[in-house]
Amino acid sequence: MISIENVSKTYGTRFGRRTVLDRVNLKLEKGRNVGILGRNGAGKSTLIRLLSGAEDPTSGRIHRHMSVSWPLAFTGAFQTHLTGLDNLKFVCRVYGVDWRPLVPFVEEFTELGLYFREPVMHYSVGMLMRLAFALSMAIEFDCFLIDEGLAVGDSRFGDRCHVELFQKRKDRSFILVSHDPNIIKTYCERACVLHLGRLHNFDTVDEAYDFYQSAAVPAPTVVFD
């Protein structure tokens with residue numbers, strides 16, 4: 001189970017402290033999934049970073065009783081002077097996994113060819129995301145974190161990613177954050193809405209969608225003279 005207990009996250013700005021997440025609570029059991037709806041800027045990516053351990057909450061606690069992935073297709077942790085293969089080795093050392101059996105899968109899935117053995121500083125954004133997604137699939141997790149920014153390559157490669165994640169690993173847990181209710185309806189059994197820093201939990205996607213439509217209006221624009 002993953003349990004988020006009264007988690008808040010604030011950041012310092014030129015205009016003072018800004019609260020992005022305000023006493024958020026969520027529980028997810030192994031083998032289940034949940035979608036999190038929210039407008040752009042609602043704090044969805046912040047919540048995903050906290051769940052992955054990339055950032056710590058300002059207050060509150062996150063309990064992880066199953067293995068949790070990094071955000072899928074997240075490229076920020078790559079060592080740019082290392083090759084794709086060396087980054088695979090590095091990630092495997094972090095998670096205590098033997099890298100050798102994973103090389104054929106990553107090579108075939110990324111379709112990087114000779115670039116797999118070239119420094120990732122020479123990769124395009126799409127190549128980096130392919131590598132990041134392949135590493136996420138190569139190392140098996142109990143729960144996958146899926147950000148709405150996931151867009152990997154062309155439509156054919158995107159279809160392969162969906163098969164790998166949502167079909168071959170349909171028994172895993174996942175948390176999918178998006179501002180697109182259609183994506184949530186397609187893949188999630190229940191949903192929450194992140195609105196004005198608070199996370200509103202619902203038993204069904206339809207209930208969450210109704211609240212999202214009626215209450216989760218864009219925040220007013222602040223203009224500084």
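Numbers here simply count residues along the sequence, with the first being 1. We use all heavy atoms of the structure for the numbers below, so side chains are in, but hydrogens, waters and symmetry mates are not.
Residues Thr46 and Arg49 have side chains that bring a donor and an acceptor to within less than 3.5 angstrom of each other. When only modelled atom types and interatomic distance are considered, His162 and Tyr187 share a side-chain donor-acceptor pair under 3.5 Å.
Within a 6.0 Å radius of CZ in Arg160, more than 12 heavy atoms belonging to other residues, nucleotides or ligands are found. Taking a 6.0 Å sphere around OH of Tyr115, one finds it holds 12 or fewer heavy atoms contributed by other residues, nucleotides or ligands. Taking a 6.0 Å sphere around CD of Glu189, one finds it holds more than 12 heavy atoms contributed by other residues, nucleotides or ligands. Atom CZ of Arg18 has 12 or fewer neighbouring heavy atoms from other residues, nucleotides or ligands inside a 6.0 Å radius.
Under the 3.5 Å distance criterion, the side-chain polar atoms of Tyr212 are matched with a main-chain donor or acceptor of His179. A distance-only check finds a donor-acceptor pair linking the side chain of Asn87 to the backbone of Gln79 [under 3.5 Å]. A donor-acceptor distance shorter than 3.5 angstrom exists from the side chain of Arg169 to the backbone of Glu164, with no hydrogens or angles considered. Counting only distance, with no hydrogens or angles, the side chain of Asn25 and the backbone of Asn6 share a donor-acceptor pair below 3.5 Å. Using modelled atom types, one side-chain atom of Ser173 and one backbone atom of Glu29 make a donor-acceptor pair closer than 3.5 Å. A donor-acceptor distance shorter than 3.5 angstrom exists from the side chain of Lys44 to the backbone of Arg39, with no hydrogens or angles considered. Using modelled atom types, one side-chain atom of Ser69 and one backbone atom of Leu145 make a donor-acceptor pair closer than 3.5 Å. Remark: side-chain polar atoms of Ser8 are paired, donor with acceptor, to backbone N or O of Arg23 under 3.5 angstrom. Counting only distance, with no hydrogens or angles, the side chain of Arg130 and the backbone of Leu112 share no donor-acceptor pair below 3.5 Å.
A pairwise comparison of heavy atoms in Pro57 and Leu50 identifies N-CD2, 3.8 Å as the closest pair. Closest non-hydrogen pair, Val120 versus Gly84, comes out as CG1-N, 3.8 Å. What you find for Phe144 and Ser136 is that their closest heavy atoms are CE2-O, 3.5 Å. Nearest approach of Ile48 to Pro71, heavy atoms of both residues: CG2-CG, 3.4 Å. Taking all atoms of both residues into account, the shortest heavy-atom contact from Cys92 to Leu102 is SG-CD1, 3.6 Å. Minimum interatomic distance between Gly43 and Leu194 (heavy atoms only, all atoms of both residues): C-CD2, 3.4 Å.
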Q: List the steps, then state whether side chain to side chain donor-acceptor pair (under 3.5 Å) holds for Ser67 with Asp142.
A: CA-CA 5 Å; Ser67 59; Asp142 297 321; 3.2 Å; yes
Q: Please assess Leu131 against Phe78 for the test side chain to side chain contact (heavy atoms under 4.5 Å, CB included), listing each intermediate value before the final yes or no.
A: CA-CA 10 Å; Leu131 179 63; Phe78 282 142; 3.7 Å; yes
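Annotation: side chain of Pro119 is not in contact with side chain of His81 (no heavy-atom distance under 4.5 Å). In this structure, the side chains of Leu135 and Phe105 stay at 4.5 Å or more apart for every pair of heavy atoms. Contact check for Ile4 versus Leu51: side-chain heavy atoms found under the 4.5 Å cut-off. No side-chain heavy atom of Ile146 sits less than 4.5 Å from a side-chain heavy atom of Val177. Inter-residue side-chain proximity for Val34 and Cys192 is flagged as met; some heavy-atom pair is nearer than 4.5 Å.
Ion pairing between Glu207 and Arg190 fails under the 4.0 Å rule for side-chain N and carboxylate O.
Taking the six-membered ring where tryptophan is involved, the planes of Phe141 and Trp70 are perpendicular, since the angle between them exceeds 60° and thus also 30°.
Note that the CG atom of Leu37 and the CD1 atom of Ile183 stand 10.0 Å from one another [nearest 0.5 Å]. In this structure, the separation between CD on Glu118 and CG on Asp86 is 11.0 Å, given to the nearest 0.5 Å. To the nearest 0.5 Å, the span separating CG on Leu47 from CG on Leu26 amounts to 7.5 Å.
Sorted by first and then second residue, the salt bridge (charged side-chain N to carboxylate O under 4.0 Å, His left out) pairs involving residues 5-14 (not counting sequence neighbours) are Lys9-Glu55.
Looking at residues two or more places apart in sequence or on another chain, you find a side-chain contact (heavy atoms from CB on, under 4.5 Å) between Thr10 and Arg17, Thr19, Thr58.
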